[in-house]
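This report refers to the structure that appears directly beneath it.
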Amino acid sequence: MGVLYLSEAEVARVLTMELALDAVAAAFRKLAIDEAVNVPRQRCQTDHVMLHVLPAAAKTMGVVGFKAYTTSKAGARFHVTLFDGRTGEMTAVLEADLLGQFRTGAASGVATKKLARADATTVGCIGTGKQARTQLLAVCKSSPIRKVRVYGRDADRRKAFADQLATETGVETEPVDRPEDAVKGVDVVITATSAREPVLRGEWLSAGQHLNLIGSNFLVKAEADVDVFRRATLVAADSKDQAKLEAGDFVAALDAGVIQWSDVYDFSLVFVGKYPGRENPADVTVFKSLGLGIEDIALGAKVVDLARQAGLGREIL
């Protein structure tokens with residue numbers, strides 16, 4: 001077989017949230033049992049463009065690879081490149097904007113199923129962009145959600161977002177006027193913003209909530225204030241090593257002595273039961289998502305298999 005190239009439209013034809021949830025759960029299991037390696041994101045830049053690279057390998061999946069994307073004033077461009085885990089031959093290149101949105105959503109879906117209360121039925125989301133959409137698609141798919149509240153700064157956009165989500169999920173979705181209205185009294189809270197300063201306040205939280213913080217992967221950006229971590233019973237990150245380089249949400253809490261790195265768990269180890277997760281219905285649990293290369297290649301490999309079966313894409317080498 002040659003090197004398969006898949007466009008964004010071709011990826012979209014086979015990509016589903018069920019597929020993403022399965023792939024990301026498998027990636028976390030492989031990390032937990034040392035059958036996968038995730039290398040934290042590396043960055044370099046010119047005066048105009050930043051390059052971000054996320055390498056990973058999973059020996060029992062038979063694949064190694066990386067996601068590489070560029071960001072500039074013109075926008076972002078995403079690709080995943082895969083290699084055979086035995087021969088080292090390049091096997092596929094995928095356009096990966098949608099794939100990245102789905103794997104990030106799926107990570108929160110997996111974390112919510114593991115860490116939220118079993119009777120969690122309500123979700124509040126701060127953010128109404130592409131990442132917020134797939135966060136909610138994943139959580140509604142992985143947990144028995146009956147009601148969603150969404151907040152975004154633009155009233156027309158949040159109304160349109162709520163209408164779209166209700167259509168896609170069949171779950172009642174309500175746009176709200178203030179961020180605290182999306183947070184108070186719900187079972188699961190999601191932050192999916194580009195904010196540099198906290199949009200989530202610990203004073204809004206209540207016992208038993210689970211939080212997915214997914215917007216920031218730079219140390220200078222934070223969506224949650226220090227009081228969020230004062231309330232937290234459990235704090236887990238998709239990768240603790242990557243969190244030390246990128247988790248801006250943790251910086252103020254670490255500086256204030258509210259948490260220490262020993263308080264932060266690798267989610268993969270919590271996922272497989274090596275560390276306890278939620279131990280009490282009143283616990284406040286936090287999942288900090290940064291986005292991992294192992295998630296990209298695990299999902300990318302599944303997409304390539306389905307695309308080949310469907311006769312999609314074109315060989316480029």
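These numbers come from the heavy atoms of this one structure, side chains and all, not from hydrogens, waters or symmetry mates. The shown structure was predicted, so the numbers you read here are calculated from the model rather than taken from an experiment.
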Tell me if a side-chain donor or acceptor on Q242 pairs with a main-chain N or O of G291 at a distance below 3.5 Å. yes
Is K147 paired with E172 through a side-chain N to carboxylate O contact shorter than 4.0 Å? yes
So do V150 and E174 actually touch side chain to side chain, heavy atoms under 4.5 Å? no
Donor-acceptor under 3.5 Å (E279 side chain, G277 main chain): no
Under 3.5 Å, is there a donor-acceptor pair between the side chain of T134 and the main chain of A132? no
Would S216 and E223 count as having a side-chain donor-acceptor pair, cut-off 3.5 Å? no
Pair T122, D187: side-chain N/O donor-acceptor within cut-off below 3.5 Å: yes
Please test F66 against V80 for side-chain contact (heavy atoms from CB on, under 4.5 Å), starting from the C-alpha separation and ending with a verdict. CA-CA 6 Å; F66 60 91; V80 166; over 6 Å; no
All heavy atoms of V24 vs all of A106, minimum pair found to be CG2-CB, 3.8 Å
Any L94 side-chain heavy atom under 4.5 Å of V303 side chain: yes
Looking only at atom types and distance, does a side-chain atom of R117 sit under 3.5 Å from a main-chain N or O of G208, one as donor and one as acceptor? yes
When you measure from the centre of the six-membered ring of F218, is the NZ or CZ of R43 closer than 6.0 Å and no more than 45° off the axis? yes
Looking only at heavy atoms, what is the nearest atom pair of I297 and G65, with distance? CG2-C, 3.7 Å
Is the NZ or CZ atom of K240 positioned over W261's six-membered ring, under 6.0 angstrom from the centre and within 45° of the axis? no
Cationic N near anionic O, under 4.0 Å, K288 to D249: yes
I'd like to know if D227 pairs up with R231 as an ion pair, taking the criterion as any Lys NZ or Arg NE/NH1/NH2 lying under 4.0 Å from an Asp or Glu carboxylate oxygen. no
Decide salt bridge (charged side-chain N to carboxylate O under 4.0 Å, His left out) for R158 and D154; before the verdict, give the C-alpha distance in whole Å, the side-chain angles of both, and the deciding distance to 0.1 Å. CA-CA 6 Å; R158 67 176 177 254; D154 184 291; over 6 Å; no
Can R41 and E246 be counted as an ion pair, charged N to O under 4.0 angstrom? yes
Run the side-chain contact (heavy atoms from CB on, under 4.5 Å) check on L31 and L292 step by step: do they pass? CA-CA 11 Å; L31 284 174; L292 308 183; 4.2 Å; yes
Check: T285 side chain, R278 main-chain N or O, donor-acceptor pair, under 3.5 Å: no
Can a donor-acceptor pair be found, under 3.5 Å and without considering hydrogens, that links the side chain of N38 to the backbone of A56? no
Given N212, which of V139, T104, T191 fulfils the side-chain contact (heavy atoms from CB on, under 4.5 Å) condition? V139
Kindly assign one of parallel, tilted or perpendicular to the pair H52 and Y69, based on the angle between their ring planes and the thresholds 30° and 60°. parallel
Between D181 and R149, which heavy-atom pair has the shortest distance, and what is it? O-NH1, 2.9 Å
Taking E95 for its side chain and E8 for its backbone only, find out whether a donor-acceptor pair lies under 3.5 Å. yes
Answer yes if L54 and V63 sit in the same cluster of Ile, Leu, Val, Met, Phe, Trp and Tyr residues linked by side chain heavy atoms under 4.5 Å apart, and no otherwise. no
Between the side chain of D22 and the main-chain N/O of L19, is any donor-acceptor distance below 3.5 Å? no
Residue pair A252 / V226: nearest heavy atoms and the distance that separates them: CB-CG2, 3.5 Å
Under 3.5 Å, side chain of D266 to main-chain N/O of S268, donor-acceptor pair present? no
Taking atom CG of L254 and atom CD of Q260, what is their separation to the nearest 0.5 Å? 8.5 Å
How long is the straight-line distance from CG of L99 back to NZ of K67, given to the nearest 0.5 Å? 7.0 Å
Angle between ring planes, Y275 versus Y265, binned at 30° and 60°: parallel, tilted or perpendicular? tilted
Side chains of V199 and P179, heavy atoms from C-beta outward: is any pair under 4.5 Å? no
Determine, using the 4.5 Å side-chain heavy-atom cutoff (strictly less than), whether V64 and L299 are members of one ILVMFWY cluster. no
Could you measure the distance from the CE atom of M61 to the NZ atom of K302? Nearest 0.5 Å is fine. 7.5 Å
About how many Å separate CG of L6 and CZ of R314, when rounded to the nearest 0.5 Å? 10.0 Å
Same cluster or not: are V183 and L136 linked, directly or through other Ile, Leu, Val, Met, Phe, Trp or Tyr residues, by side-chain heavy atoms under 4.5 angstrom apart? no
Which atom pair, heavy atoms only, marks the closest approach of I294 to A36? CD1-CB, 3.8 Å
Walk me through it: do V49 and Q45 pass the test side-chain contact (heavy atoms from CB on, under 4.5 Å)? CA-CA 6 Å; V49 175; Q45 66 187 85; over 6 Å; no
Cut-off 3.5 Å, side chains only: do E10 and S7 have a donor facing an acceptor? yes
Answer yes or no: is there an ion pair linking E180 with R201, defined by an N-O contact shorter than 4.0 Å? no
Looking only at non-hydrogen atoms, find the nearest pair between L213 and F229 and report the distance. CD1-CZ, 4.1 Å
Is it the case that the side chain of S142 and the backbone of V110 share a donor-acceptor pair, with hydrogens and angles ignored and the cut-off at 3.5 Å? no
Do R103 and D296 sit within salt-bridge range, that is, some charged N less than 4.0 Å from a carboxylate O? yes
Would a single hydrophobic cluster contain both F287 and V186, if residues Ile, Leu, Val, Met, Phe, Trp and Tyr are joined by side-chain heavy-atom contacts under 4.5 Å? no
Supply the atom-to-atom distance Q135 CD to S289 OG, rounded to the nearest 0.5 angstrom. 6.5 Å
Spell out, yes or no, whether I214 and L165 are grouped together once hydrophobic residues are joined by side-chain heavy atoms under 4.5 Å, including indirect joins. no
We want to know whether K184 and S206 form a side-chain donor-acceptor pair, criterion being a heavy-atom distance below 3.5 angstrom. no
Do other residues, nucleotides or ligands put more than 12 heavy atoms under 6.0 Å from the NZ atom of K221? yes
Let's go through V189 and V123 carefully: what are the C-alpha distance in whole Å and the side-chain angles of both, what is the deciding distance for side-chain contact (heavy atoms from CB on, under 4.5 Å) to 0.1 Å, and is it a yes or a no? CA-CA 6 Å; V189 177; V123 180; over 6 Å; no
Using a 6.0 Å cut-off, check whether atom CD of E315 has over 12 heavy atoms from anything other than its own residue. yes
Give, for atom NZ of K130 and atom CZ of R133, the distance between the pair rounded to the nearest 0.5 Å. 10.5 Å
